[in-house]
Structure formats: structure tokens, C-alpha cells
Amino acid sequence: MLSVLIVLLSTTSFVPIDCFADLDAVAGPTDFGFLLIMSEDSVANKEMALEITHSLEMLGAEDSSIYLYFVSVNASGYSEIASLAGGFGGFPSVVSLVGHCGFLELDPEFLDSEIEDAWLRWGSGHTQGVCNYCTRCNP
């Protein structure tokens with residue numbers, strides 16, 4: 001069942017990650033995206049992935065560089081990544097990713113508005129208050 005879900009997610013532009021090192025390798029300092037932290041419920045995972053893509057379609061940002069990732073329960077770094085989220089009722093959950101350092105859990109009950117708010121604040125070239133100008137991006 002997990003392989004079917006991975007195929008579904010891959011066809012909607014979601015990229016699988018295993019741990020923070022994977023995100024670190026692919027995310028740039030000005031990148032913007034969303035991370036789906038999966039649960040063991042494959043139906044709920046699929047529904048959440050569809051909600052994310054639907055929210056992005058409603059946003060009208062199809063031509064923008066919004067990155068989509070997912071981490072499965074079986075991934076090596078799942079527990080570390082999952083520590084970022086779960087506060088809004090468990091998993092699956094959605095985290096907004098801003099550059100290297102910004103992680104913000106989104107409330108799935110208000111996912112459309114949460115995604116829109118994140119996009120307006122940090123997406124489309126905006127970086128309001130996320131970067132702390134650490135030596136990682138600013139040597």
C-alpha cells in the first residue's frame with residue numbers, strides 16, 4: 001500500500017525524503033514549500049496530499065516554485081521530523097518550509113487559509129522574519 005501512495009504522491013510533484021539531511025541537501029535559503037508528515041493511515045495520507053494540492057490550485061501559484069515533500073512513517077528520520085508537528089490532532093500533518101531554517105506546522109482544519117497565509121508571508125520571494133542571517137547562508 002505504501003508503494004501505491006508513493007506513486008500517487010510522486011505524480012502530484014511530492015518528493016520523498018528520509019530525514020533532515022535530505023531536506024538540507026535539496027532546500028535553498030530562499031526556497032518555499034510544504035512537507036506532508038504521513039501517518040500509518042494511507043487513506044488519511046492520500047486525502048491530506050489532495051488537500052494540499054487543492055489548496056495550491058486555489059492559490060493560483062502553479063507557475064511559482066513551491067516544493068512539496070513527504071516523509072513516511074518508515075523513513076529513518078521520521079521521528080525527528082515528526083517532532084515538528086502533530087499538535088493539531090496528530091498525523092498526517094503539514095509543515096510549511098521556508099528556506100533552510102523555517103518550519104511551521106499548519107492547522108489542517110484551516111489548511112486553505114494556512115497555506116495562503118504562508119504563501120503571502122514567505123512565498124513568492126518574500127522572507128518576513130524567517131532568516132536570522134546565520135553563517136550557514138551568510139558566511
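Note that the structure is a prediction, hence the values are computed from the model and not measured.
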To check you understand the geometry: which heavy-atom pair defines the closest contact between [X] and [Y], and what is its length?
X: Glu114; Y: Glu105; result: OE2-O, 4.3 Å
X: Val43; Y: Asp41; result: N-OD1, 3.1 Å
X: Ile115; Y: Leu106; result: CG1-CD1, 3.9 Å
X: Gly90; Y: Ser93; result: O-CB, 3.8 Å

Find out whether [X] and [Y] are in side-chain contact, i.e. whether some heavy atom of one side chain is under 4.5 Å from a heavy atom of the other.
X: Phe110; Y: Asp117; result: no
X: Asp22; Y: Val71; result: no
X: Asp107; Y: Val94; result: no
X: Met48; Y: Leu111; result: yes
X: Ile52; Y: Phe14; result: yes

For [X], which residues count as a ring pair (Phe, Tyr, Trp, His ring centres under 6.0 Å) partner, sequence neighbours excluded?
X: Phe103; value: Phe20
X: Phe88; value: none
X: Phe34; value: Phe32

side-chain contact (heavy atoms from CB on, under 4.5 Å) with [X]: which residues, sequence neighbours excluded?
X: Ser76; value: Asp18, Cys19
X: Ala82; value: Ile37, Tyr78, Phe91
X: Tyr67; value: Asp31, Ser65, Tyr69

Pair Leu56-Leu68, side chain to side chain contact (heavy atoms under 4.5 Å, CB included): steps then yes or no: CA-CA 11 Å; Leu56 292 175; Leu68 300 174; 3.7 Å; yes
Residues forming a side chain to side chain donor-acceptor pair (under 3.5 Å) with Ser39, sequence neighbours excluded: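 Expected list: Asn45.
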Side chain to side chain donor-acceptor pair (under 3.5 Å) against Ser55, all qualifying residues, sequence neighbours excluded: Asp112
Ser96 OG to Arg121 CZ distance, which is reported to the nearest 0.5 Å: 11.0 Å
Stepwise side chain to side chain contact (heavy atoms under 4.5 Å, CB included) test for Trp119 and Ile66: CA-CA 9 Å; Trp119 173 248; Ile66 299 176; 3.5 Å; yes
Cluster overlap Leu59 with Leu120, hydrophobic side-chain contacts below 4.5 Å: yes
